[in-house]
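These notes concern the structure reproduced below.
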Amino acid sequence: MAVLPLVIAPDKRLNIASKDVEVVDDAIRQLLDDMLETMYANDGIGLAAVQVGVHKRCIVVDIARRDGSYHPMKFVNAKIVKKDPEPSVYTEGCLSFPDQFSEVTRPKGVTVRYLDEHGAPQEITADGLLATCLQHEIDHTDGIVFVDHISLLKRDMIIRKLKKAKKMGLLHELPEAKAVL
Ligand code: GNR
Ligand code: NI
């Protein structure tokens with residue numbers, strides 16, 4: 001197990017779509033475990049592999065930790081197959097956009113098809129925070145980030161702040177050469 005360095009915006013790697021996993025093998029299971037450890041170390045509720053520089057469609061989520069319990073969830077090749085048309089607004093953050101938050105409107109509920117850590121096909125229907133988080137993570141695997149859903153003005157403000165923080169050396173990020181594209 002290992003805590004991996006994060007890719008921090010602005011970074012082109014976050015805008016590249018990830019590839020489907022062909023076989024869920026030990027290397028993928030190791031990646032999912034390292035991603036969970038990285039997510040917990042950074043106090044996140046979700047993480048996509050692209051955020052650690054790996055462009056494979058792997059996602060981890062644990063929305064239960066807020067109440068101190070431990071409910072890790074792992075998703076491989078996750079795909080939204082149904083959306084509840086009703087919109088829901090949530091103030092989102094992202095581990096690749098440290099200390100930046102903005103309201104995002106997304107479908108209130110989703111049904112997601114995916115492979116579990118054993119490669120078995122599964123389906124989950126979610127609403128509330130889990131639905132928001134799954135959509136945020138599946139966006140990441142498509143090269144989309146939460147600021148792509150907000151106004152250009154707000155997005156530019158956030159990007160400007162992160163550029164400044166990077167310039168001042170305040171952010172600890174994954175160096176470009178280490179990315180697995
Ligand atoms: O930790 C996270 N919190 C969060 C809050 C609202 C909506 C989405 C999220 S996901 C984010 C972790 C992350 O960056 N996942 O990609
Ligand atoms: Ni994110």
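Computed from a predicted structure; not experimentally measured. When a residue number appears, it is its place in the shown sequence, counting from 1. Read the numbers this way: they start at 1 and go in the same order the structure lists the ligands and their atoms.
- Residue C133 places no N or O, backbone or side chain, under 3.5 Å from any N or O of ligand 1.
- By the 3.5 Å distance cut-off applied to N or O atoms, Q51 is counted among the residues near ligand 1.
- Considering backbone and side-chain N/O of H140, one or more are found under 3.5 Å from N/O of ligand 1.
- In M1, the CE atom is crowded: over 12 heavy atoms of neighbouring residues, nucleotides or ligands sit closer than 6.0 Å.
- Seen from the Ni ion (ligand 2), atom NE2 on H140 and atom SG on C94 lie at an angle near 100° (rounded to 10 degrees).
- By the 3.5 Å distance cut-off applied to N or O atoms, L95 is counted among the residues near ligand 1.
- Ligand-side atoms of ligand 1 in range of C94: 14 (O), range being under 4.0 angstrom from any heavy atom.
- Side-chain atoms of Q30 and D26 include no donor-acceptor pair closer than 3.5 Å.
- The backbone N or O of N77 lies less than 3.5 Å from no partner atom in the side chain of D20, so there is not a single donor-acceptor pair.
- Put simply, the residue from L6, L36, L32 that forms a side-chain contact (heavy atoms from CB on, under 4.5 Å) with L47 is L6.
- Looking at G46 next to ligand 1, an N or O pair under 3.5 Å apart turns up.
- Atom CZ of R155 is surrounded by more than 12 heavy atoms from other residues, nucleotides or ligands within 6.0 Å.
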### Task
Show your working on side chain to side chain contact (heavy atoms under 4.5 Å, CB included) between K79 and V112 and close with a plain yes or no.
CA-CA 5 Å; K79 194 182 161 198; V112 172; 5.9 Å; no
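- The residue F97 has no part lying near ligand 1, judged by heavy-atom distances below 4.0 Å.
- Every atom of ligand 1 with a heavy atom of Y90 under 4.0 Å away is listed here by number and element: 6 (C).
- Remark: ligand 1 atoms within the under-4.0 Å shell around heavy atoms of G44 are 1 (O).
- Counting heavy atoms closer than 4.0 Å to ligand 1, residue M39 contributes nothing at all.
- Here atom 11 (C) of ligand 1 lies nearest to G93 when heavy atoms of G93, S102, S96 are compared.
- Of all atoms in ligand 1, listed by their number and element, those nearer than 4.0 Å to a heavy atom of E137 are 10 (S), 13 (C), 15 (N), 16 (O).
- How far CE of M73 is from CG of L134: 6.5 Å, rounded to the nearest 0.5 Å.
- Using a 4.0 Å cut-off between heavy atoms, H136 contacts ligand 1 through its side chain alone, with no backbone atom that close.
- Interatomic distance, T111 OG1 to E123 CD, rounded to the nearest 0.5 Å: 6.0 Å.
- Ring geometry, Y70 versus Y40: the interplanar angle falls from 30° to 60°, so the pair is classed tilted.
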